[in-house]
Number of protein chains: 2
Amino acid sequence: MAKIITQKNGTRKDVIIQKAAALYKSKSYTAASMRELAESLGVEAPSLYNHIGSKGELLEAICFRTGNRFIDQVRLISEGEESIVQKLEAIIRFHIRMMLENFDEVFVANHEWKHLQEPFLSDFLNIRRTYEKSIIDLIQQGIDRGEIKPLNPYVAVLTILSAVRGLEFWQRNKKNVSQQVLENDMVNHLLNGLTT
Amino acid sequence: MAKIITQKNGTRKDVIIQKAAALYKSKSYTAASMRELAESLGVEAPSLYNHIGSKGELLEAICFRTGNRFIDQVRLISEGEESIVQKLEAIIRFHIRMMLENFDEVFVANHEWKHLQEPFLSDFLNIRRTYEKSIIDLIQQGIDRGEIKPLNPYVAVLTILSAVRGLEFWQRNKKNVSQQVLENDMVNHLLNGLTT
DNA sequence: TTACAAAACTAACGGTTATTAGTTTTTGAT
DNA sequence: ATCAAAAACTAATAACCGTTAGTTTTGTAA
């Protein structure tokens with residue numbers, strides 16, 4: 001009968017969401033049960049419903065909090081005064097840091113969004129499209145200004161975003177390669193290529 | 001009471017696996033029920049068990065058929081006589097084609113392998129590691145020979161494989177960009193970069 | 001036409017799921 | 001110490017899950 005332990009400045013709902021993200025990441029949303037989630041919090045499953053409305057609401061919270069952080073940041077960077085390539089680099093670096101520092105939530109948002117129910121599913125996909133469109137526009141500008149090769153911008157943004165999202169597989173090598181090397185090498189690879 | 005329709009040279013089990021891949025892709029393995037799978041085949045759920053042993057067996061078939069195709073091909077390419085960069089290009093192009101031509105199965109293998117049970121889970125992860133290790137070795141050779149920049153080869157292979165795996169999000173744009181442009185631009189991006 | 005095997009069916013099993021209802025305990029402010 | 005609100009509990013619900021058993025239908029070869 002112990003209560004759910006909260007951090008300072010955090011509600012019990014926040015703790016539940018955070019634990020849900022970790023659980024959904026390791027077991028997937030559908031395979032993770034409310035009983036398991038409750039157990040990881042030291043509580044019985046029905047007790048969760050004093051704090052949340054439904055299982056789906058947890059997924060919504062995870063997906064939208066993450067999604068909104070991405071579009072807010074890309075908007076901020078786009079409005080700056082740097083060169084296109086510098087802006088792209090800033091976006092890639094931000095995305096890499098988000099992947100590494102908010103691993104659980106970003107992982108769940110990237111993998112489990114398909115289990116959102118309408119209208120949340122459509123809303124989430126809109127956020128995603130907005131994010132991608134912002135970067136596509138940036139790349140197109142770069143091509144127009146001659147900063148970037150005339151590649152198809154859809155392909156370029158897919159390549160970039162897929163590469164950084166792939167950091168979800170990184171955990172295991174964390175020991176051998178520092179975050180600095182990882183960030184620098186990936187940015188360098190995506191902007192300047194692999195060949196000498 | 002209509003029977004499951006088979007193609008020439010294919011068993012009913014093959015048809016079930018193929019439909020399972022499509023279903024697991026769109027709904028995820030855990031969320032997809034045997035009753036749904038049966039319905040998509042025009043049959044009742046228990047009838048499936050005349051052809052298969054269990055739900056898990058279907059996932060195993062999908063994951064291992066796909067995984068083995070990847071390591072077989074990368075071994076074949078590695079043994080050739082071309083330059084390192086040419087070999088890398090061949091691997092990237094093969095991976096892109098696999099993604100586009102065997103979409104459902106590759107998608108499921110990439111996303112749902114975590115629901116494999118032991119010992120299949122370990123076996124599958126071994127296949128994955130073998131695949132990645134082959135490419136890492138290739139990149140290291142390229143660095144040693146001066147064909148490739150001295151980037152961390154783990155980071156480089158993560159970037160490359162994540163980028164091509166990201167083609168799972170491609171379907172929607174299929175109309176606007178041809179497969180040729182997609183393949184060429186992504187290869188060019190991953191090998192030679194984005195900047196002018 | 002008969003006979004056998006393959007492949008479908010119906011009915012049902014025990015187990016798990018998210019969630020609700022109703023009750024008791026804990027906490028914190030007066 | 002008292003009282004109300006917050007947060008835990010137990011018990012139970014209907015729905016759905018993968019799978020088994022037993023039976024009937026279908027297709028094919030003799």
Side-chain angles (χ1 to χ4, degrees), chain A residues 1-21 23-24 26-63 108 112 114-118 120-121, chain B residues 1-21 23-24 26-63 108 112 114-118 120-121:
Chain A
M1 228 180 203
K3 285 201 178 178
I4 295 173
I5 299 164
T6 58
Q7 322 276 18
K8 213 163 32 178
N9 299 332
T11 68
R12 287 186 170 78
K13 186 169 181 174
D14 291 334
V15 182
I16 295 173
I17 292 170
Q18 174 193 320
K19 284 279 188 185
L23 186 64
Y24 295 169
S26 62
K27 298 205 55 169
S28 89
Y29 172 73
T30 320
S33 71
M34 296 302 277
R35 284 169 176 82
E36 282 175 297
L37 175 57
E39 191 180 13
S40 80
L41 288 155
V43 132
E44 296 298 320
S47 303
L48 298 173
Y49 290 85
N50 286 319
H51 308 284
I52 64 165
S54 69
K55 185 185 182 186
E57 184 191 295
L58 294 174
L59 183 61
E60 291 152 21
I62 294 167
C63 291
V108 171
E112 308 293 339
K114 70 169 66 165
H115 297 110
L116 289 169
Q117 307 227 315
E118 293 291 0
F120 303 105
L121 179 58
Chain B
M1 225 176 201
K3 286 198 178 179
I4 294 173
I5 300 162
T6 58
Q7 321 276 18
K8 213 162 38 180
N9 300 332
T11 67
R12 287 187 170 75
K13 184 168 181 173
D14 292 332
V15 182
I16 294 173
I17 292 170
Q18 174 192 323
K19 284 278 188 184
L23 187 64
Y24 295 169
S26 62
K27 298 206 54 168
S28 87
Y29 173 73
T30 320
S33 73
M34 297 302 279
R35 285 169 176 85
E36 282 177 296
L37 175 58
E39 191 180 13
S40 80
L41 287 155
V43 131
E44 297 296 321
S47 303
L48 298 173
Y49 289 85
N50 286 320
H51 308 284
I52 65 166
S54 68
K55 184 185 182 186
E57 184 191 295
L58 294 175
L59 184 61
E60 290 152 21
I62 294 166
C63 290
V108 171
E112 308 293 338
K114 72 169 66 166
H115 297 111
L116 289 169
Q117 307 227 317
E118 292 294 359
F120 303 104
L121 179 58

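Lettering of chains follows the sequences in order, A, B, ..., and the numbering in each one begins at 1.
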Enquirer: B:Ile16 has an atom CD1; how far is it from atom C1' of C:dA8, in whole Å?
Expert: 12 Å
Enquirer: Could you grab the distance from atom CD1 of A:Ile17 to atom CD1 of A:Ile62, nearest 0.5 Å is fine?
Expert: 7.0 Å
Enquirer: Using rotation axes that map the C1' atoms of four end pairs onto the next four (five pairs an end), what angle separates the end axes of the helix from C:dT1-D:dA30 to C:dT30-D:dA1, to 10°?
Expert: 10°
Enquirer: Round to a whole Å and report the spacing from CG of A:Leu37 to P of C:dA18.
Expert: 9 Å
Enquirer: Nearest heavy-atom pair of B:Glu60 and B:Leu116: which atoms, and what distance?
Expert: CG-CD2, 3.6 Å
Enquirer: Round to a whole Å and report the spacing from CG of A:Leu41 to C1' of D:dC9.
Expert: 16 Å
Enquirer: For the side chain of B:His51, starting at C-beta, report the closest nucleotide among D:dA7, C:dA7, C:dT20.
Expert: C:dA7
Enquirer: Could you check A:Ile16 against A:Thr11 for side-chain contact (heavy atoms from CB on, under 4.5 Å), going step by step and ending with a plain yes or no?
Expert: CA-CA 9 Å; A:Ile16 295 173; A:Thr11 68; over 6 Å; no
Enquirer: What is the separation between atom OH on B:Tyr49 and atom P on C:dA11, rounded to the nearest whole Å?
Expert: 19 Å
Enquirer: Report the distance from atom NZ of A:Lys27 to atom C1' of C:dT16, rounded to the nearest whole Å.
Expert: 12 Å
Enquirer: Rounded to the nearest 0.5 Å, what's the gap from CD on A:Gln18 to CG on A:Leu58? Could you check?
Expert: 12.5 Å
Enquirer: Could you tell me which non-hydrogen atom of B:Ser33 sits nearest to which non-hydrogen atom of B:Leu23, and how far apart they are?
Expert: O-CD2, 4.1 Å
Enquirer: Anything under 3.5 Å between a protein N or O and an N or O of nucleotides 10-17 of chain D, put it in a table, one pair a line.
Expert:
none

Enquirer: Round to the nearest Å and state the distance from A:Leu48 atom CG to D:dA8 atom P.
Expert: 8 Å
Enquirer: Is the NZ or CZ atom of A:Lys55 both under 6.0 Å from the centre of the six-membered ring of A:Tyr29 and within 45° of that ring's axis?
Expert: yes
Enquirer: Could you tell me which non-hydrogen atom of B:Tyr24 sits nearest to which non-hydrogen atom of B:Glu112, and how far apart they are?
Expert: O-OE2, 4.1 Å
Enquirer: Calculate the interatomic distance between A:Ile52 atom CD1 and D:dA8 atom C1'; express it in whole Å.
Expert: 15 Å
Enquirer: Strictly below 4.0 Å, N to O, side chains only: are B:Glu36 and B:Lys19 in salt-bridge contact?
Expert: no
Enquirer: Determine yes or no for a side-chain-to-main-chain donor-acceptor pair under 3.5 angstrom, with B:Glu57 supplying the side chain and B:Gly53 the backbone.
Expert: yes
Enquirer: Under 3.5 Å, is there any donor-acceptor pair linking the side chain of B:Asn50 to the base of C:dA8?
Expert: yes
Enquirer: When the distance from CZ of A:Arg12 to C1' of D:dA6 is rounded to whole Å, what number comes out?
Expert: 8 Å
